[in-house]
Structures are given as structure tokens and as C-alpha cells.
S.K.: 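Sharing a structure here in C-alpha cells format.
Chain letters run A, B, ... following the sequence lines, proteins first, then strands; residues in each count from 1. All figures in this text were calculated on a predicted structure; none of them were measured in a lab.
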Protein chains: 2
Amino acid sequence: MARLQTTPAPGETLRAHCPGRRPAGAVDCTSCRVRHLAVCSALPEAEVEALESVVAPLELIAGSTLVREGDPRRQVYTVTAGALRLVRLLADGRRQIAGFLLPGDFIGLSGATTHRHDIEAITDSTLCRFRDEDMQALRADFPDLERKLLARACTELDAARENLLGLARLNPMERLAAFLLDLAERRARWAGDAVDLVLPMGRADIGDHLGLTIETVSRSFTRLRQQNLIAVPDAHTVTLLDRAGLARLAHGG
Amino acid sequence: MARLQTTPAPGETLRAHCPGRRPAGAVDCTSCRVRHLAVCSALPEAEVEALESVVAPLELIAGSTLVREGDPRRQVYTVTAGALRLVRLLADGRRQIAGFLLPGDFIGLSGATTHRHDIEAITDSTLCRFRDEDMQALRADFPDLERKLLARACTELDAARENLLGLARLNPMERLAAFLLDLAERRARWAGDAVDLVLPMGRADIGDHLGLTIETVSRSFTRLRQQNLIAVPDAHTVTLLDRAGLARLAHGG
DNA sequence: CGTGGGTTTGATAGTACTCAAGCAAAGTGG
DNA sequence: CCACTTTGCTTGAGTACTATCAAACCCACG
């Protein structure tokens with residue numbers, strides 16, 4: 001239940017993740033972090049300033065738990081660096097990862113007053129924290145923000161339903177192809193397109209996200225590799241060799 | 001592609017579905033329909049009146065298609081009677097039903113400008129239609145509405161993620177148990193609790209929703225019946241004999 | 001050099017899918 | 001009104017695929 005938490009070289013970490021966004025002369029990177037949220041939502045300047053006034057930075061070390069299922073939902077967060085997982089457990093221990101949180105993602109978009117998932121840091125991560133009261137006030141002052149949040153929620157909803165299709169009707173290789181393309185697309189939105197895709201999570205996390213065992217995940221990687229759709233220089237790096245081919249798999253063509 | 005559409009005895013149909021909500025003396029049931037939306041969102045009277053001024057009723061016969069995947073999203077709807085399905089198809093014909101729309105549900109909550117699913121009427125259904133422009137205007141006038149929509153979107157998101165867990169980690173019998181409990185709960189919210197649960201959809205729809213074949217769905221019904229968790233007086237009616245037992249299954253206990 | 005976590009590979013078994021047949025209820029036409 | 005067809009559900013037998021169990025492997029670390 002302990003909230004493991006550390007504050008390692010905040011400026012350093014973030015500069016790497018906010019290329020070109022760090023305001024000149026800023027001492028720490030708080031402003032940069034808020035801008036992440038702002039840019040992601042395309043908010044006007046006035047709201048960005050209002051948001052900056054209520055933000056609090058937060059650093060998580062790998063493996064630490066941000067919230068547990070059932071915890072009251074008192075804060076909203078945005079991820080600025082690192083990677084987290086949304087975890088649900090069944091009574092008998094079966095695990096499912098509803099999604100991964102990457103830079104630019106929100107935490108706390110939920111109608112419920114309690115969290116429905118454990119949220120755990122996969123790697124060292126940095127977040128922006130907004131107290132719920134502050135958010136309420138801001139949302140009242142800036143109707144635009146409300147609209148952006150709604151749009152974001154709808155995007156998440158579409159993504160979740162897309163995942164439903166995959167879990168219901170794709171075989172393991174197809175699921176993995178869809179997952180890799182999804183990761184690549186989300187990454188490209190923030191860090192630009194790149195040949196190599198970094199997987200912050202291990203095979204167990206991928207398996208629990210795709211509804212497969214680690215063995216099946218591993219075999220699916222192997223088969224994608226054998227078909228020259230991907231290369232796997234190391235277990236946490238994937239090169240997408242044939243995106244069209246992967247997309248064909250992912251869409252059942 | 002034709003929009004099958006009919007207008008059968010609107011008052012009759014709706015009266016049955018809006019018990020106690022039909023304003024005395026109303027000629028048709030438009031107002032009743034809007035109140036469905038209003039009640040569902042718990043909006044104040046002023047907004048209900050504003051909504052009523054822009055609503056248009058719509059009747060769909062069983063099997064007709066309301067929207068197709070890719071259609072531009074120009075209207076918002078609420079379901080007041082009947083049942084519809086959200087359908088996605090893979091290139092090779094594999095089908096998935098992302099969800100069922102029952103009275104009180106919204107259609108058109110999406111960030112995208114086009115629909116991501118086919119929406120088809122399972123049974124004869126009645127909807128309220130709001131033009132997107134009218135909704136935009138209303139949302140500007142009534143910030144409350146925006147908030148309600150956000151809350152609704154979040155609820156949908158939670159539900160979709162709940163389904164993810166089921167598809168990823170539950171076996172067929174457990175999935176069916178979870179599905180039946182979900183249907184019962186949604187029904188109870190509008191029509192009150194009842195012993196018998198009516199399934200508007202056929203086995204094929206249930207299978208495509210749960211990621212199973214019709215044969216497996218049928219066998220799962222049989223097994224639930226054999227364990228005295230349910231009774232099945234006819235194929236479209238289920239009696240929940242042991243909700244605790246069903247819940248235990250659905251949550252992996 | 002040994003240890004341990006995470007990944008890959010191999011052999012086996014169980015579950016859900018596929019194919020096929022049987023059944024009941026509802027619709028159709030003589 | 002009764003054969004005939006159609007449609008949707010259920011049941012049965014065999015197969016394929018993924019989970020399970022087990023072992024080897026690899027690299028980082030002490």
C-alpha cells in the first residue's frame with residue numbers, strides 16, 4: 001500500500017521527453033509538463049496559465065503503485081514521461097491490463113467516484129497532478145476544457161471498443177500486430193515517427209493486455225519475425241518492417 | 001443502404017415503454033421521449049424544455065440499419081424503446097458487437113466525425129433524434145449538459161473496459177453469466193427489477209458480443225441451466241435463479 | 001562464476017471451434 | 001387445415017489451437 005515515490009533529477013528526465021517544449025529560463029519543468037496537457041488538448045493560452053497554477057509534479061519509480069482499485073478518485077493526472085498500466089484482477093488472480101498509459105494520456109477520466117483499476121508504473125514515470133477541486137473550478141471557468149475532456153473521453157471509448165474487437169475476434173498473431181501498430185501510432189503522435197519501437201512493458205504485461213499467455217505472446221513475436229513483418233533486436237525493441245502487412249493482419253484481411 | 005422506417009402507432013408503443021412518464025394530455029409521446037433523456041441525465045427543467053424544442057422522433061423496424069460504419073456523424077440519438085446493436089466487421093467477415101443499445105442509451109457519443117460501427121435495430125425501436133447543430137448550441141447554453149455527457153461517456157468507458165476483462169480472461173460460461181447480469185442491471189434501471197429477463201437479441205448476436213460461436217453460447221446456456229443458476233423458459237427469456245452464483249462466476253470466484 | 005528474472009522453445013492436454021445432424025416453432029402455399 | 005419450407009436453437013463428434021507444464025536459454029548482476 002506504500003506509495004513509493006522518488007524525485008530523481010526532474011529537470012534532466014523531462015528535458016529528454018519534452019524536446020522543444022521547455023520554456024527558456026524555466027528552472028524546473030512544471031510548466032513544460034502542463035504544456036503537455038495543453039498541447040494535447042489544444043487549449044488557449046489563458047487556460048494553460050490557469051492549469052499551471054494548480055499543477056503539482058509527481059515522480060514514480062518503476063513498479064510503484066499510483067492508485068489501487070477502489071481508491072477514491074480525488075486527483076486527475078496527465079502522464080508526461082514513462083509508462084503505466086491499468087490493471088484489473090479477478091477474484092482467483094487472473095489479471096487483465098485494460099490499457100497502457102503513455103505520455104499525453106489522462107488518468108482519472110471516470111464517472112465513478114472510485115478507481116476501477118490499479119494503476120502501476122511500468123518504468124520510472126513523471127506525472128502532473130491536479131486536485132479534483134481545482135479541476136472542478138477550472139471546468140466551470142473554462143467550458144472549453146469540459147469539451148476537450150469530453151472529446152478525450154470519446155477517443156478513449158473508441159479505443160476501448162477497438163480493443164474489444166481484437167480480443168473477441170483476432171487470433172494471437174493478429175492481436176499482437178494490432179497492438180504494435182497501436183503503440184507505434186501513439187508514440188508517433190508525441191515523439192515523431194521512428195523505425196524502432198520501444199516496448200516499456202514485458203511479455204507478461206502484453207499477454208495480460210491481449211488476453212494471452214506469455215508463451216503465446218512469445219510465439220507470436222517469433223511468427224511475425226519469421227514472416228519478416230518485424231525484427232526484434234532485443235526483447236524490448238521491435239522494428240516494424242512491413243506496416244502494410246501488419247495492418248492487413250490486424251484488420252483481418 | 002435504404003433506411004427502412006415506419007411509423008406504427010407511436011403513442012401505443014411508447015406508452016408501454018414510458019410508464020408513468022407520459023405527461024397528461026400530450027398528444028404524441030415526443031415529450032415523453034425527451035424526458036427519458038432528461039431523467040437519464042437528471043437535467044433541470046429549463047434544459048428539458050430546450051431539448052424538447054429540437055427533438056425529432058424516429059421509428060425503426062427490426063433489422064433496419066440506422067447508420068453504417070464510416071457515415072458522417074450528424075445526429076445524436078437517444079433510445080426510448082427497443083434494442084439496437086453496435087456492429088463492427090473485419091475485412092474477412094468476422095463480426096463483433098461492441099454493445100447493445102437499450103432504452104436510455106445514447107448514440108453518437110464519439111470523438112470521431114464518422115461512425116465507427118454499423119448500428120442496426122434488433123427489434124422495432126423508437127429513438128429521439130437531435131441534430132448536431134442543435135446539440136452544439138444547447139451544449140453552449142447549458143454547461144450542465146456538457147457535464148452530463150462527459151459523465152455518460154465515462155460510464156460507457158468503464159463499461160467497455162469491464163467488457164475487455166471479460167473477453168480477455170473469462171471462459172464462455174463466465175462471460176455469459178456476466179452478460180446476463182449486465183443486461184438485468186441495465187433493465188432494472190429503467191423498468192424495475194423483474195424475475196424474468198427478456199433477451200431481444202438472438203444467439204448469434206450474443207456470440208458476436210462475447211467472442212464466441214453460437215454453438216458455444218448455446219452450450220453455455222445449457223450448462224448454466226444444468227447448474228440451476230438460470231432457467232430458460234424459451235430462447236428469448238431467462239430467469240435468474242441464483243444471482244449470487246452468477247456473480248461469483250462473472251467475477252472469477 | 002553462479003544466481004535469478006525474463007524470454008524462448010518444446011511436448012502435451014484441454015477447450016472452444018468446425019462440421020454435421022436433429023428439433024421445434026413460425027411462416028407459406030396448396 | 002395440413003404438408004412443406006424456413007429459421008433459429010440445441011446437441012453430438014472430431015479437429016485445431018492455445019493453455020499448461022517443463023526445460024533451456026540469455027543477459028544483467030552480485
Side-chain angles (χ1 to χ4, degrees), chain A residues 62-63 83 85 90 92-97 120 122-123 166-177 179-180 198-227 230-238 249 252, chain B residues 62-63 83 85 90 92-97 120 122-123 166-180 197-227 230-238 249 252:
Chain A
R85 56 185 172 234
L90 289 172
D92 61 0
R94 281 176 282 181
R95 195 175 81 134
Q96 212 262 332
I97 294 183
E120 304 165 353
I122 297 172
T123 64
L167 287 176
R169 290 302 179 204
L170 295 183
N171 66 35
M173 223 173 50
E174 294 167 336
R175 288 185 206 183
L176 186 56
F179 172 68
L180 292 175
V198 175
L199 308 177
M201 69 294 291
R203 298 293 186 263
D205 285 343
I206 296 175
D208 283 338
H209 182 53
L210 301 179
L212 305 169
T213 60
I214 53 175
E215 294 94 330
T216 301
V217 171
S218 182
R219 281 185 243 272
S220 302
F221 269 109
T222 303
R223 293 177 65 186
L224 289 179
R225 198 157 35 77
Q226 287 168 343
Q227 300 188 12
I230 63 171
V232 187
D234 73 282
H236 286 276
T237 311
V238 173
L249 268 181
Chain B
R85 55 183 172 236
L90 289 172
D92 62 1
R94 277 175 284 182
R95 195 174 84 134
Q96 212 263 332
I97 294 182
E120 303 164 354
I122 296 173
T123 64
L167 287 175
R169 290 300 178 207
L170 295 183
N171 67 35
M173 223 172 49
E174 293 167 337
R175 289 185 206 184
L176 186 55
F179 172 68
L180 293 175
L197 181 64
V198 175
L199 308 177
M201 69 295 289
R203 297 291 186 265
D205 284 343
I206 297 175
D208 283 339
H209 182 53
L210 301 179
L212 305 169
T213 61
I214 54 174
E215 294 94 332
T216 301
V217 171
S218 181
R219 281 185 244 273
S220 301
F221 269 110
T222 302
R223 293 178 66 187
L224 289 180
R225 198 158 35 79
Q226 288 168 343
Q227 299 187 13
I230 61 172
V232 188
D234 73 282
H236 288 275
T237 311
V238 173
L249 267 182

S.K.: Minimum heavy-atom separation for B:Ala235 and B:Leu199, please, with both atom names.
M.R.: O-CD1, 4.2 Å
S.K.: What integer distance in Å separates A:Leu176:CG from D:dT18:C1'?
M.R.: 15 Å
S.K.: Salt-bridge test for A:Asp208 and A:Arg203: reply yes if a basic N is under 4.0 Å from a carboxylate O, no otherwise.
M.R.: no
S.K.: A:Pro200 and A:Ile122: which non-hydrogen atoms are nearest, and at how many Å?
M.R.: O-CG2, 3.3 Å
S.K.: OP1 or OP2 of D:dA19 versus the side-chain N and O atoms of A:Thr216: is any pair under 4.0 Å?
M.R.: yes
S.K.: I want to check something: taking the side chain as every heavy atom from C-beta on, are A:Arg219 and A:Leu176 in contact at a cut-off of under 4.5 Å?
M.R.: no
S.K.: Under 3.5 Å for both pairing distances: what stems, at least three Watson-Crick or G-U pairs long, include DNA chain C?
M.R.: C:1-30 with D:1-30
S.K.: Among D:dA22, C:dT7, C:dC17, which is the nearest nucleotide to the side chain of A:Glu215?
M.R.: D:dA22
S.K.: Could you check whether the side chain of A:Arg219 and the base of D:dT20 have a donor-acceptor pair of N or O atoms closer than 3.5 Å, going by distance alone?
M.R.: yes
S.K.: Give A:Asp234 one of three labels, base, sugar-phosphate or nothing, depending on what nucleic acid heavy atoms sit under 4.0 Å from its own.
M.R.: nothing
S.K.: Name the nucleic acid region contacted by B:Leu212, choosing base, sugar-phosphate or nothing; use a 4.0 angstrom heavy-atom cut-off, strictly under.
M.R.: sugar-phosphate
S.K.: Between D:dT11 and B:Arg225, counting only base atoms on the nucleotide and side-chain atoms on the residue, is there a donor-acceptor pair under 3.5 Å?
M.R.: no
S.K.: Check every atom of C:dT9, C:dC17, D:dC9 against the side chain of B:Ser218 and return the nucleotide holding the closest atom.
M.R.: D:dC9
S.K.: Is B:Gly207 touching bases, backbone alone, or none of the nucleic acid, heavy atoms closer than 4.0 Å?
M.R.: nothing
S.K.: Taking for each residue the nucleotide of DNA chain D with the nearest heavy atom, is it B:Arg203 or A:Arg223 whose nucleotide lies nearer the 5' end?
M.R.: B:Arg203
S.K.: Determine, for B:Asp92 against A:Arg169, whether the closest basic-nitrogen to carboxylate-oxygen distance falls under 4.0 angstrom.
M.R.: no
